[in-house]
Engineer: 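Please find one structure pasted underneath; my questions will follow.
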There are 2 protein chains.
Amino acid sequence: MPSKNFTIGHLARETGTKVPTIRYYEKIGLLPEPFRSAGNQRLYGADHIDRLAFIRHGRDLGFGLDAIRELLSLTDEPEQTCERADAIAAQHLREVENRIARLQALKAELERMLDHQCDGELADCRVIEVLADHRHCLHSDHQRID
Amino acid sequence: MPSKNFTIGHLARETGTKVPTIRYYEKIGLLPEPFRSAGNQRLYGADHIDRLAFIRHGRDLGFGLDAIRELLSLTDEPEQTCERADAIAAQHLREVENRIARLQALKAELERMLDHQCDGELADCRVIEVLADHRHCLHSDHQRID
DNA sequence: CTTGAACCTATAGTGGCTAGAGGTTCTAGG
DNA sequence: CCTAGAACCTCTAGCCACTATAGGTTCAAG
């Protein structure tokens, strides 16, 4: 029987997570409900640390909670092959690459906008001008960010 | 007196915006309340098209609605210098650059994770392994994305 | 006069938390 | 044993920028 020693504050410090975030993960079923003390306070064990660290690391790598949920469920069936885990990671990599590409197009456009340093009045301001008229843009087919 | 001819659907098509988004912009005070028809339907004029196009273009370039709100208010006082508009755009450019840098670190980490193609069982899966143990990462000091 | 598209309002949901109110429990010191 | 204050509890609302749904009204064409 593993030790059930940690308070939620300990778990938070141990994993670099904020306390409300831990309760949030529990509410959405990402962390199992822990035991409670006589006074109704949550008591965690080492297995919770591991699971939460896994989640946080997934978040650090930009995975969404749904992806993390699936990756967690995969670890519960270790007889499976890597196939699904690799697919999830590869899909995420593709999304990250897409976002980088879109942000780089944005960066170029913003730099172009700022290149024309105008010290004059706002009526001649390049920034405002570009915003007011889409035709000033190189690529008018931006996709929404985020 | 300018013509007040367009329905909200026209304005939406004209600017590539969804109808509920236009109503949302009105609610948060980004678009002025338009005239209404006898039957209470919104009627827009050319000035609304310009203003909405400005907003959408700002969004395409990744500006937040607060930044756009300020840029719009600048255009109402054209005797101002470009200084503030340039500062807003420069600040946004810096944020975009930061996001690109963070995403590129992420991309490298994900590629490293997927490099080790494992056809074996999930117990040996590199993806899971890395997620389960932060020490597998090159940089353990990721900042949260978004 | 009827059909159906487009409009109206109002509310709730998205993701991933975060902040606050208002109350209880635990722990250390006196 | 008592008290102060830190840490815990639940519940609700807020963030961004929309998007979706429900349930109703108005408008244009046939």
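Proteins get letters first, then strands, A, B, ... in listed order; numbering begins at 1 in each.
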Engineer: How long is the line joining NE2 of B/H10 and C1' of C/dA5, in whole Å?
Structural biologist: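 After rounding, the gap between these two atoms is 13 Å.
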
Engineer: Rounded to whole Å, please give me the gap between CZ in A/F6 and C1' in D/dA7.
Structural biologist: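 Value for this atom pair: 17 Å.
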
Engineer: At their closest point, which heavy atom of A/L61 faces which heavy atom of B/L106, and how far apart are they?
Structural biologist: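 Nearest pair, atom of A/L61 first, then B/L106: O-CD2, 3.5 Å.
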
Engineer: Quick test: give all pairs of protein nitrogen or oxygen and nucleotides 24-27 of chain C nitrogen or oxygen below 3.5 Å, distance rounded to 0.1 Å.
Structural biologist:
from, atom 1, to, atom 2, distance (Å)
C/dC26, OP1, A/S37, OG, 3.4
C/dC26, OP1, A/G39, N, 3.1

Engineer: If you assign B/T21 and A/R36 each to the DNA chain D nucleotide with the nearest heavy atom, which residue ends up on the more 5' nucleotide?
Structural biologist: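 Residue closer to the 5' terminus by nearest nucleotide: A/R36.
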
Engineer: Considering only side-chain heavy atoms of B/R56, which listed nucleotide, D/dC18, C/dC17, D/dT19, is closest?
Structural biologist: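 The closest nucleotide is D/dC18.
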
Engineer: Return whichever of A/R13 or B/K18 has its heavy-atom-nearest nucleotide of DNA chain D closer to the 5' end.
Structural biologist: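 Counting from the 5' end, the first nearest nucleotide belongs to A/R13.
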
Engineer: Just the rounded figure in Å: distance from P of D/dC9 to NZ of A/K27.
Structural biologist: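 Answer to the nearest Å: 14 Å.
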
Engineer: Give the rounded distance in Å between these two atoms: CZ of B/R69 and P of D/dC18.
Structural biologist: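 For the pair B/R69 CZ and D/dC18 P, the rounded distance is 12 Å.
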
Engineer: Rounded to whole Å, please give me the gap between CD1 in B/I22 and C1' in C/dC8.
Structural biologist: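 Answer to the nearest Å: 14 Å.
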
Engineer: Please tell me which of the listed nucleotides, C/dC17, D/dA17, C/dC8, lies nearest to the side chain of B/R59?
Structural biologist: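 Selected nucleotide (nearest to the side chain): D/dA17.
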
Engineer: Hey, does B/I28 reach any base, or is it just sugar-phosphate, or nothing, if we go heavy atoms under 4.0 Å?
Structural biologist: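 The residue B/I28 makes no contact with any strand.
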
Engineer: Please identify which of these residues, A/H92, A/R99, A/R94, meets the side chain to side chain contact (heavy atoms under 4.5 Å, CB included) condition with A/V96.
Structural biologist: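 Of A/H92, A/R99, A/R94, side chain to side chain contact (heavy atoms under 4.5 Å, CB included) with A/V96 is met by A/H92 alone.
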
Engineer: List for me each residue that meets salt bridge (Lys or Arg N to Asp or Glu O under 4.0 Å) alongside B/E70, sequence neighbours excluded, and say none if there are none.
Structural biologist: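 Per chain and number, B/E70 pairs via salt bridge (Lys or Arg N to Asp or Glu O under 4.0 Å) with B/R84.
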
Engineer: Do A/R51 and A/Y44 have side-chain atoms, one donor and one acceptor, less than 3.5 Å apart?
Structural biologist: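 There is no such pair (donor and acceptor under 3.5 Å, judged by atom type) between the side chains of A/R51 and A/Y44.
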
Engineer: Taking A/R112 first and then A/E109, would you say they form a salt bridge - that is, a charged N and a carboxylate O separated by under 4.0 Å?
Structural biologist: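 Looking at A/R112 and A/E109, the cut-off is met.
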
Engineer: Rounding to an integer number of Å, can you tell me how far B/E26 CD sits from D/dA17 P?
Structural biologist: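 Atom-to-atom, B/E26 to D/dA17, this comes out as 18 Å.
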
Engineer: Could you work out, with side chain to side chain donor-acceptor pair (under 3.5 Å) as the rule, every residue matching A/Y24, not counting sequence neighbours?
Structural biologist: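 A/Y24 satisfies side chain to side chain donor-acceptor pair (under 3.5 Å) with no residue once adjacent residues are dropped.
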
Engineer: Just checking A/R23: base, sugar-phosphate only, or nothing, at a heavy-atom cut-off of under 4.0 Å?
Structural biologist: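 The residue A/R23 makes base contact.
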
Engineer: Taking any heavy-atom pair under 4.0 Å as a contact, classify A/Y25: base, sugar-phosphate, or nothing.
Structural biologist: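 It contacts sugar-phosphate atoms only.
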
Engineer: Calculate the interatomic distance between B/Y24 atom OH and C/dC7 atom C1'; express it in whole Å.
Structural biologist: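 Whole-Å distance recorded here is 21 Å.
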
Engineer: How long is the line joining CD1 of B/I55 and P of D/dC16, in whole Å?
Structural biologist: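 Nearest whole value for this atom pair: 16 Å.
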
Engineer: Okay, side chain of A/H57, backbone of B/V130: is any donor-acceptor separation there less than 3.5 Å?
Structural biologist: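 Checked: pair present.
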
Engineer: Side-chain N or O of A/R42 versus OP1/OP2 of D/dC8: is the shortest distance under 4.0 Å?
Structural biologist: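 No.
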
